[in-house]
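Working notes, structure below.
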There are 2 protein chains.
Amino acid sequence: MPTVSSEELAAAAGVNSAKLRKDFSYLGSYGTRGVGYDVEYLVYQISRELGLTQDWPVVIVGIGNLGAALANYGGFASRGFRVAALLDADTALAGRLVAGLPVRHIDELETIVADNQVSIGVIATPAGAAQEVTDRLVAAGVTSILNFAPTVLSVPDGVDVRKVDLSIELQILAFHEQRKAGDDRPEPDGDVPAVMPA
Amino acid sequence: MPTVSSEELAAAAGVNSAKLRKDFSYLGSYGTRGVGYDVEYLVYQISRELGLTQDWPVVIVGIGNLGAALANYGGFASRGFRVAALLDADTALAGRLVAGLPVRHIDELETIVADNQVSIGVIATPAGAAQEVTDRLVAAGVTSILNFAPTVLSVPDGVDVRKVDLSIELQILAFHEQRKAGDDRPEPDGDVPAVMPA
DNA sequence: CCATCTTTGTGCACGCGTTCACAAAGACAT
DNA sequence: ATGTCTTTGTGAACGCGTGCACAAAGATGG
């Protein structure tokens, strides 16, 4: 039975082993004293806790470059996500295959969400269309939305929205880059604050 | 002179006004007691501190769907990022226009990085090509890398890497979704831990 | 010029999460 | 069995960030 100790895992992850053990303890007592954690069992328990063992049907709305990239993204299937449908307002796209799936018209949204019990929607439309799509998704029964469009969406209580801004990470890199350069020459007028993104 | 108080800003951002004032104070004393913060001046100071006022030339490597989506992403230009070049290993793509820029061959990487003093590279290649591209970028002088490929990159000290996993946000939504559903029926065997992603 | 009012900037206290440190548990050898 | 050794699980201490509360600063009006 292959096992790992909290010490090994902590070293690999670069965190404190006590914290790791305490975190695991919230999921239950899955370790064996003097031995460590059974790898296979631990993986299963964490997967289950994170919802990776469930099947999550999702719809992707807006099949431009980003939508197509998401549809092709390999990481989805392995984490329990199943693309139930690709939707776009452009009728010219309808029927075209993207990542092996036919693009369907946005008007099929309601039917598809209902038939597949979709609770998660991904928005990869232009900013202008995002709110309308959101409203339709919510009305159709979707309760979680991942928004790639550069707009703040308003949703009723009980609906979760997460906004992904592809440039934020770039901005964090630029911030650090500025710091690297700035270590040589002093700042133009004064203060170098102690704050910084993680 | 249009001004804004820490109280107003805090309410809009949904945070504590004291924390906001303390955060601002790290950048210097830009407020006026009894009045608030001069909006224009505050915006400028924060922009400068974040590096938004600088020009950041970047190269995007791997012009598939994701690379193309990034090249078209509007949020870049407004934050000081300038796409110096689009690179791909596929010679068939060479010369094709994406977001108004011609795709150039990966072998031009070294020249382009040197000529434009590029310090930030974006990797949107398949996982298999990511490490090699990274090595070439680093050798050419790039010191910050934004990695969209599903691989962990190894880089020498002094080089920053940020990895973007497009499915992580989806996973967080699924986690909360699971919780919503789980509030009704009890968990299969026991413990509902108190931990959760933000 | 003084009084009053508003809002900043910050010392201080509180609370929460991280880390330390160790008792308890189990494996394994003798 | 008994002892030794390893590693977990967790109570307690510590440290850091958040929020409170107020003095200082400046605006504004009489």
Side-chain angles (χ1 to χ4, degrees), chain A residues 1-50 162 168-169 171-172 175-176 179 187-198, chain B residues 1-50 162 168-169 171-172 175-176 179 187-198:
Chain A
M1 183 178 87
T3 61
V4 274
S5 69
S6 62
E7 204 65 56
E8 292 173 286
L9 281 175
V15 298
N16 183 288
S17 68
K19 175 163 161 42
L20 195 143
R21 285 198 300 278
K22 190 161 282 186
D23 285 355
F24 282 2
S25 77
Y26 287 115
L27 310 179
S29 281
Y30 298 143
T32 306
R33 296 174 189 226
V35 177
Y37 298 88
D38 173 23
V39 172
E40 194 182 348
Y41 188 55
L42 183 63
V43 165
Y44 169 71
Q45 288 298 342
I46 293 177
S47 296
R48 188 180 54 81
E49 196 62 47
L50 293 178
R162 294 192 75 91
I168 276 189
E169 296 289 322
Q171 210 169 311
I172 294 173
F175 181 79
H176 287 296
R179 285 303 179 84
E187 281 284 307
D189 64 295
D191 318 283
V192 179
V195 285
M196 71 185 78
Chain B
M1 181 178 88
T3 61
V4 61
S5 70
S6 63
E7 204 65 55
E8 293 173 283
L9 281 175
V15 299
N16 183 285
S17 67
K19 176 163 158 42
L20 195 143
R21 285 198 299 279
K22 192 162 283 185
D23 285 355
F24 282 2
S25 77
Y26 288 115
L27 310 179
S29 280
Y30 298 143
T32 307
R33 295 172 190 228
V35 177
Y37 298 89
D38 173 24
V39 172
E40 194 183 348
Y41 188 55
L42 183 63
V43 166
Y44 169 71
Q45 288 297 343
I46 294 178
S47 296
R48 188 180 55 81
E49 196 63 47
L50 293 178
R162 294 192 73 90
I168 277 188
E169 296 289 321
Q171 211 169 310
I172 294 173
F175 180 79
H176 288 295
R179 285 302 178 84
E187 282 284 309
D189 64 296
D191 318 285
V192 178
V195 286
M196 70 185 76

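A, B, ... follow the sequence lines: proteins, then strands. Residue 1 opens every chain.
Here the P atom of nucleotide D/dT7 and the CG atom of A/Leu20 are 14 Å apart, to the nearest Å. Spacing between atom CG of A/Asp23 and atom P of C/dC16 amounts to 17 Å, rounded to whole angstrom units. Note: CG (A/Asn16) to C1' (D/dA13) measures 14 Å, nearest angstrom. Put simply, OH on B/Tyr30 is 16 Å from P on C/dT8, counting in whole angstrom units. Atom P of nucleotide C/dG26 and atom CG of A/Asp38 are separated by 16 Å, given to the nearest angstrom. Put simply, CG on A/Leu9 is 16 Å from C1' on D/dG9, counting in whole angstrom units. Across the protein-nucleic acid pair, B/Phe24 atom CZ and C/dT8 atom P stand 10 Å apart, rounded to whole Å. One atom, CD of B/Glu7, and another, P of D/dA21, lie 14 Å apart when rounded to the nearest Å.
With hydrogens and angles left out, the side-chain atoms of B/Glu40 and B/Tyr44 include no donor and acceptor closer than 3.5 Å.
You'll find the ring centres of B/Tyr30 and B/Tyr41 inside the 6.0 Å limit.
Phosphate contact (OP1/OP2 of C/dG9, side-chain N/O of B/Tyr37, threshold under 4.0 Å): present. Under 4.0 angstrom from either OP1 or OP2 of D/dT18 there lies at least one side-chain N or O belonging to B/Lys19. Remark: B/Ser6 is in phosphate contact with C/dT8, judged by side-chain N or O atoms under 4.0 Å from OP1 or OP2. The side chain of B/Ser29 places an N or O atom within less than 4.0 Å of a non-bridging phosphate oxygen (OP1 or OP2) of C/dG9.
Judged by distance alone, with hydrogens and angles left aside, B/Lys22 brings no side-chain donor or acceptor close enough to the base of C/dG9 to form a pair under 3.5 Å. Remark: the B/Arg33 side chain and the C/dT8 base include a donor-acceptor N/O pair separated by less than 3.5 Å.
You'll find the side chain of A/Leu9 reaches within 4.5 Å of the side chain of A/Leu42, heavy atoms only.
Listed candidates were D/dC20, D/dT10, C/dT10. Nearest to the side chain of A/Arg21 is D/dT10. In this structure, of D/dG19, C/dT10, D/dT8, it is D/dT8 that holds the atom nearest to the side chain of A/Ser5.
Of the residues near DNA chain D, A/Ser25 and B/Val15, the one whose nearest nucleotide (by heavy atom distance) lies more toward the 5' end is A/Ser25.
A/Glu8 approaches A/Thr3 most closely through the heavy-atom pair OE1-O, 4.5 Å. Nearest heavy atom pair, residue B/Ser6 against residue B/Ser17, reads O-CB, 3.9 Å.
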